[in-house]
2 protein chains.
Amino acid sequence: MAPTSETLTAERILEATEEVLRRHGPAKATVVDVARALGVSHGSVYRHFRTKAALREAVTKRWLDRSSEALAGIAAADRDPEDRLRDWARGLFEAKRRKAGDDPELFATYSVLVGENGTVVGDHLDDLTGQLTRIVRDGMAAGVFAAGDPATAAGAFFQATACFHDPCHAARWRRPGIDEEFEAVVELLVRGLRGSRRPV
Amino acid sequence: MAPTSETLTAERILEATEEVLRRHGPAKATVVDVARALGVSHGSVYRHFRTKAALREAVTKRWLDRSSEALAGIAAADRDPEDRLRDWARGLFEAKRRKAGDDPELFATYSVLVGENGTVVGDHLDDLTGQLTRIVRDGMAAGVFAAGDPATAAGAFFQATACFHDPCHAARWRRPGIDEEFEAVVELLVRGLRGSRRPV
DNA sequence: CAGATGACAGATATTGAAATCTGTCATCTG
DNA sequence: CAGATGACAGATTTCAATATCTGTCATCTG
């Protein structure tokens, strides 16, 4: 809001943009608002970001990257792959549910941004399935999971748990019994990864 | 469009409403349009449906019920439960994908209606998971699937395949490789239903 | 008299004029 | 001269007046 004497950096613009998005929502947040919040002219914002879309994309990427960090720790840990897989899936679900529950409007805002930015979101999903692939590969190497293509199995696991991390299902995350449903799905998938009793 | 001398029945109103929805879309389809299409006054429509919402709900129910029928046949067949499960899931996916692909606007229209009508949709989902439960129960009875609560397992299977039947994922059904992804998820789930190699 | 009608009040949607925003760029300033 | 500015054109959004719709009901008709 008040003009600041600090140098205008991309980082400061991104912070201001997040704040404007938080206050005004995705539909009403304008580049002019961001410039006003920083006490500069909107022309200065365009010096750092070519278009409004690029600015929104950068904000989205920042947000998604922050989401990945905590999970990356779980994926890289040196522990039983099956436990890691459960913890990772639970961590992803809990994080999403907490964000959706604590500040529904902000979550809705980011859901809109995510819908706008196919490329950035695709990279984020690749990042997450990459983390999953690492866990699955470790599990196969340790003989805990049945042999197969780790990337395919990780992709299937990720898709099968979409109900518990994809924003389009957010409305259901408040229902009672959702935790039991989550556990049931994860258990079913873990058993599937372990492999079949009867030979193929 | 042209006035008809036949008696005005709920059925005829529903047909006209489907047509109006198909032509005008969910946002612009009005009760007055429906009455015009039937050549009657809108007051007559209100004699059969208390509100516009009730009319839309009835149309939604009709549509969902039609969707269930084909699958019900698969679920009730007297065949190997594992094949039945695969065919059922594949049938659900194919039907949804075909509808979304053949007439995207109509599919979008019904997606909106589905979003409006929690109760009717809930019943439909109960119907589908009921069909799945029957298959899973048969599989457990035959020893093909590991013992457990059939309803829980069926619910988990249904949620885990949401990517391939929930309209909110419709945009991804055109991507190349989607069939392989579907197969991978179903295989993983089927292996999970068969049970674990190592004792719990 | 069962069923259809259309006038009506309040709610909702449409429309077009005015305001604001996006993106560019010639100009200014430290 | 690197970086900021604000005027500008064309695109988009807002807003208030206007039109349409929803749901009711007294009245009509076969």
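First the proteins, then the strands, lettered A, B, ... as listed; each starts at 1.
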Between NE2 of B/H48 and C1' of C/dT5 the distance, given in whole Å, is 14 Å

inquiry  = Can you classify the ring geometry of B/W63 versus B/F107 as parallel (below 30°), tilted (30 to 60°) or perpendicular (above 60°)?
reply    = perpendicular

Applied to residues 135-164 of chain A, the salt bridge (charged side-chain N to carboxylate O under 4.0 Å, His left out) test, sequence neighbours excluded, yields A/R84-A/D138

A/R12 atom CZ is separated from D/dG3 atom P, nearest whole Å, by 15 Å

Interatomic distance, SG@B/C163 vs CD1@B/I178, rounded to 0.5 Å, equals 7.5 Å

A correct dot-bracket answer for DNA chain D, with pairs being Watson-Crick or G-U at under 3.5 Å, [ ] for crossing pairs and | for inter-strand pairs, is ||||||||||||||||||||||||||||||

>> For A/K61, is there an ion pair with A/E57 - N to carboxylate O distance below 4.0 angstrom?
In response: no

dist A/E94:CD -> A/D87:CG (nearest 0.5 Å) comes out at 11.0 Å

From CD1 of A/I13 across to C1' of D/dA4 the rounded distance in Å is 12 Å

Any luck finding a side-chain donor-acceptor pair between B/K99 and B/S67 under 3.5 Å? yes

In B/S/- notation (B base, S sugar-phosphate only, - none; protein heavy atoms under 4.0 Å), nucleotides 10-30 of chain D written 5' to 3' is -----------SBBB------

ask   = Looking only at side-chain N and O atoms, does A/S44 come under 4.0 Å of OP1 or OP2 in D/dT5?
value = yes

| message | Is there a continuous path of hydrophobic side-chain contacts, each under 4.5 Å between heavy atoms, that joins A/F164 to A/V114? | response | yes

Margin query: Any donor-acceptor pair under 3.5 Å linking the side-chain atoms of A/T30 with those of A/D33?
Written below: yes

